[in-house]
Amino acid sequence: MSAMRTHYASGITPDMNGSTVTVAGWVHEIRDLGGICFLVLRDRSGFAQVTLVKKKTDPDLFDTARRLNRESVVLVSGAVKAAEQAPNGYEVIPQSLDLLSESDSPLPMDVTEKVGADIDTRLDSRFIDLRRRKTLAVFTVRHHVLRAVREFLESEEFIEVHTPKVVAAATEGGTALFPITYFNREAFLNQSPQLYKQILMASGIDRVYEIGAIFRAEEHDTLRHLNEATSIDIEASFADQFDVMEILERLIGSVYLHVSQNCVPQLRELGVDLTVPKLPFRRVKYDEAIDIAHSAGHEVEWGDDFGTAAERAIGSEIGEHYFLIDWPTVIKPYYTNPYEEDVRYSKSFDLMHPRMELASGSQRIHSFDLLRERIVAQGLDPDGFEFYLKAFRYGMPPHAGWGLGTERLIMTMLHVENIRDVVLFPRDRKRLSP
Ligand code: AMO
């Protein structure tokens with residue numbers, strides 16, 4: 001606890017009756033009934049009711065309290081009094097009240113959740129939005145998700161790495177790059193740690209993971225795309241696509257379990273009944289998925305990606321997490337390994353939630369010649385990939401990996417509609433601040 005406060009609101013219990021506490025936080029509500037004034041103080045843990053009875057309170061203190069603007073920051077010291085009718089069964093009878101920071105009025109948005117606010121208003125004042133219990137609950141769950149991811153991957157002997165975000169080459173064909181000025185040269189914001197995690201496989205580290213920003217200059221304005229997202233990436237040596245799919249499904253199971261055990265109040269606040277998905281996830285071949293899409297009346301040409309509608313139709317047919325495997329080589333990036341026995345198909349997969357794609361991955365090409373050939377075949381200039389290709393010339397083991405979208409994992413887990421609701425300060429086509 002800080003030197004300023006002795007307790008969080010939720011750390012005080014009725015059986016502390018008579019003891020002196022100091023609580024600190026925001027003025028959530030003031031109810032001035034004339035002879036009695038209730039101040040509801042809010043901190044990150046919850047609410048504390050501060051009760052001031054006019055006749056028994058110092059007149060200056062009483063006057064200060066009833067004049068407080070909502071959302072001002074205060075420090076209150078006083079005695080705990082068990083009170084059945086108060087929230088949490090106690091109230092604080094103040095001996096002192098310090099106004100540490102006065103809030104302007106009116107507020108840009110309501111904090112008490114009595115009045116709804118649209119997403120833009122909330123994002124424009126994100127620091128206030130975060131004072132709402134539901135918003136705080138989402139980001140507390142996000143913290144636990146990432147913690148569970150780290151714990152799981154570390155228990156699987158992955159080493160955390162950080163690769164450059166300012167890069168010289170594109171990794172994911174098809175999605176646009178953000179160019180930046182790097183001294184007198186052109187550079188880009190990285191779309192994926194793909195090339196670096198592969199280079200690291202030539203180092204003998206064997207298993208790496210990275211949780212970091214990826215930048216996609218995609219122009220679409222949807223509820224599941226951001227221009228800056230957080231990707232959870234792994235790469236593992238001496239592994240094929242099935243090995244890393246198995247790691248991925250166990251990771252999902254373990255994250256759901258961790259959240260269901262450690263975020264009970266947050267899930268209750270959000271009205272989410274979390275069930276841990278059953279393993280193993282179904283493996284659905286691309287060709288089978290095409291059949292499902294066709295029988296649901298969606299036109300998909302072999303070799304094309306599934307559109308949103310077809311993807312939804314397949315998702316509702318399957319009804320739970322599943323892997324879409326064995327994609328046509330033509331729609332996957334150059335680093336994806338084709339099957340030796342039929343090069344039209346690749347050793348690739350997407351992890352799907354019925355609502356959307358969560359992750360994609362593959363076994364990679366580890367032969368220098370084949371990789372160079374594939375880069376050329378996709379119309380890219382191999383000279384730009386020299387720093388990457390070099391790692392394939394001096395001993396590169398077979399390897400596989402995946403990238404999982406943190407935001408999509410959380411939004412599907414918590415039934416959140418808009419991806420912007422699970423990022424503190426989202427970046428989309430229109431939004432560059434705050
Ligand atoms: P991919 O491009 O499929 O694969 O990205 C992996 C996952 O990252 C998330 N994601 C996004 N989330 C929000 N907004 C976006 N614009 C966005 N773009 C991607 C998705 C997606 O499934 N290098 C490969 C991974 C690999 O093979 O290891 C890659 O980047 O959840």
Side-chain angles (χ1 to χ4, degrees), residues 142 145 149 153 158 161 163 165 167 169-178 189-201 207-237 239-241 243-245 247-248 251-252 255 305-306 308 311 315 321-325 327 329 331-337 346-353 355-365 388 399-413 416 418-423 426-429 431:
R142 184 176 164 122
V145 164
V149 165
L153 290 174
F158 283 82
V161 296
T163 63
K165 302 303 155 214
V167 297
T171 57
E172 311 304 311
T175 53
L177 286 156
F178 283 115
L189 294 177
N190 86 308
Q191 297 172 306
S192 155
Q194 185 65 35
L195 305 191
Y196 290 93
K197 57 182 190 164
Q198 287 194 261
I199 291 173
L200 287 170
M201 293 302 99
R207 292 184 154 210
V208 298
Y209 78 96
E210 177 163 10
I211 301 174
I214 58 168
F215 300 90
R216 308 273 169 117
E218 292 159 346
E219 300 239 341
H220 26 234
D221 186 10
T222 76
L223 296 177
R224 60 199 162 97
H225 287 93
L226 290 165
N227 295 111
E228 177 177 357
T230 311
S231 173
I232 301 163
D233 268 271
I234 74 153
E235 204 66 29
S237 293
D240 65 17
Q241 73 276 29
D243 295 321
V244 293
M245 281 161 64
I247 292 171
L248 180 52
L251 175 135
I252 300 287
V255 169
D305 212 338
F306 299 95
T308 313
E311 202 177 277
H321 289 85
Y322 62 102
F323 283 110
L324 254 178
I325 65 168
W327 288 74
T329 306
I331 35 170
K332 286 291 171 185
Y334 54 83
Y335 51 76
T336 312
N337 207 359
S346 64
K347 300 181 179 179
S348 57
F349 61 89
D350 281 2
L351 171 66
M352 307 296 298
H353 179 274
R355 280 175 63 198
M356 69 188 81
E357 174 197 317
L358 299 184
S360 47
S362 56
Q363 190 188 46
R364 325 300 190 181
I365 294 172
Y388 165 65
H399 58 279
W402 43 253
L404 165 66
T406 306
E407 288 77 22
R408 293 190 181 181
L409 172 62
I410 296 165
M411 66 191 287
T412 49
M413 173 184 271
V416 168
N418 191 335
I419 194 164
R420 292 161 187 78
D421 271 315
V422 301
V423 188
R427 291 289 171 263
D428 62 26
R429 257 192 84 186
R431 186 171 286 280

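Counting starts at 1 for both ligands and their atoms, following the listed order. Note that the structure is a prediction, hence the values are computed from the model and not measured.
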Participant: Which ligand 1 atoms does Trp402 reach within 4.0 Å, using its non-hydrogen atoms?
Facilitator: 26 (C), 28 (O)
Participant: Would you say Gln198 touches ligand 1, if touching means a heavy atom closer than 4.0 Å?
Facilitator: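 Contact check Gln198 vs ligand 1: negative.
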Participant: Taking the basic N atoms (NZ, or NE/NH1/NH2) and the acidic carboxylate oxygens, is any pair closer than 4.0 Å for Arg142 and Glu407?
Facilitator: yes
Participant: So if I count the atoms of ligand 1 from 1 in the order they appear, which ones are less than 4.0 Å from some heavy atom of Gly361?
Facilitator: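 Ligand 1 atoms under the 4.0 Å threshold to Gly361: 27 (O).
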Participant: Under the criterion side-chain hydrogen bond (donor to acceptor under 3.5 Å, both in side chains), which of Gln363, Arg364, Arg207, Gln198 is the partner of His399?
Facilitator: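 Of the listed residues Gln363, Arg364, Arg207, Gln198, the side-chain hydrogen bond (donor to acceptor under 3.5 Å, both in side chains) partner of His399 is Gln198.
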Participant: Is the closest N or O pair between Arg364 and ligand 1 shorter than 3.5 Å?
Facilitator: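 Yes, there is a polar N/O contact under 3.5 Å.
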Participant: Are Arg420 and Asp221 close enough for a salt bridge, meaning some N to O gap below 4.0 Å?
Facilitator: yes
Participant: How long is the span from the CG atom in Leu251 to the CG atom in Leu351, to the nearest 0.5 Å?
Facilitator: 10.0 Å
Participant: Could you check if a side-chain atom of Val416 sits within less than 4.5 angstrom of a side-chain atom of Ile410, using non-hydrogen atoms only?
Facilitator: no
Participant: Does the plane of the ring in His220 sit parallel, tilted or perpendicular to the ring in His225? Use 30° and 60° as the thresholds.
Facilitator: tilted
Participant: Give the numbers and elements of all ligand 1 atoms closer than 4.0 Å to a heavy atom of Tyr335.
Facilitator: 23 (N), 24 (C), 27 (O)
Participant: Identify, by atom number and element, the atoms of ligand 1 in contact range of Glu218, meaning under 4.0 Å from any of its heavy atoms.
Facilitator: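 Listed by number with element: 16 (N).
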Participant: Would Leu358 count as being in polar contact with ligand 1, using the rule that some N or O on each side must be under 3.5 angstrom apart?
Facilitator: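 Indeed, backbone or side chain, Leu358 has an N or O that close.
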Participant: Could a heavy atom of Gln191 be found less than 4.0 Å from some atom of ligand 1?
Facilitator: no
Participant: With a cut-off of 4.0 Å, which atoms of ligand 1 are near a heavy atom of Ala229?
Facilitator: 12 (N), 13 (C)
Participant: Would you find a donor on one side and an acceptor on the other, under 3.5 Å apart, between the side chain of Asp233 and the backbone of Tyr209?
Facilitator: no
Participant: Counting only nitrogen or oxygen atoms and a 3.5 angstrom limit, does Ser192 reach ligand 1?
Facilitator: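 Such a contact does occur with ligand 1.
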Participant: Going by the order shown, which atoms of ligand 1 are within less than 4.0 Å of some heavy atom of Ala359?
Facilitator: 22 (O)
Participant: Does at least one non-hydrogen atom of Arg224 fall below 4.0 angstrom from an atom of ligand 1?
Facilitator: yes
Participant: Could you tell me whether some N/O pair between Arg216 and ligand 1 is separated by less than 3.5 angstrom?
Facilitator: yes
Participant: With atoms numbered from 1 as shown, which atoms in ligand 1 lie under 4.0 angstrom from a non-hydrogen atom of His225?
Facilitator: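 Under 4.0 Å from His225, ligand 1 has these atoms: 14 (N), 16 (N).
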Participant: Hey, does Thr329 have a side-chain heavy atom less than 4.5 Å from the side chain of Thr336?
Facilitator: no
Participant: Between Ser346 and Trp327 (side chain of the first, backbone of the second, donor and acceptor by atom type, cut-off under 3.5 Å), is there such a pair?
Facilitator: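 Such a contact is found between Ser346 side chain and Trp327 backbone.
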Participant: Any heavy atom of Glu407 closer to ligand 1 than 4.0 angstrom?
Facilitator: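 Outside the 4.0 Å threshold, so no.
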Participant: Using a strict cut-off of less than 4.0 Å between a Lys/Arg side-chain nitrogen and an Asp/Glu carboxylate oxygen, indicate whether Arg224 and Glu218 qualify as a salt bridge.
Facilitator: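 No, Arg224 and Glu218 are not salt-bridged.
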Participant: Check whether any N or O atom of Ser231, backbone or side chain, sits under 3.5 Å from an N or O atom of ligand 1, and answer yes or no.
Facilitator: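 Checking ligand 1 against Ser231, no N or O pair falls under 3.5 Å apart.
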Participant: Side chain, backbone, both or neither: which part of Phe215 comes within less than 4.0 Å of ligand 1 when only heavy atoms are counted?
Facilitator: neither
Participant: Any N or O of Gly405 that comes nearer than 3.5 Å to an N or O of ligand 1?
Facilitator: yes
Participant: Going by the closest heavy atom to atom 21 (C) of ligand 1, which one wins out of Glu357, Met411, Gln241?
Facilitator: Glu357
Participant: Evaluate the side-chain proximity of Asn190 to Tyr196: yes if any heavy-atom separation is below 4.5 Å, no if none is.
Facilitator: no
Participant: Quick check: Leu226 and ligand 1, any N/O pair under 3.5 Å apart?
Facilitator: yes
Participant: So, the side chain of Lys197 versus the backbone of Ser192: is there a donor-acceptor pair under 3.5 Å, distance only?
Facilitator: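 The answer is no, because no donor-acceptor pair under 3.5 Å joins these two groups.
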Participant: Tell me whether Asp428 contacts the main-chain N or O of Arg431 through its side chain, where contact means a donor paired with an acceptor under 3.5 Å.
Facilitator: yes
Participant: Taking 4.0 Å as the limit for heavy-atom contacts, which would you say applies to Arg408 with ligand 1: side chain only, backbone only, both, or neither?
Facilitator: side chain
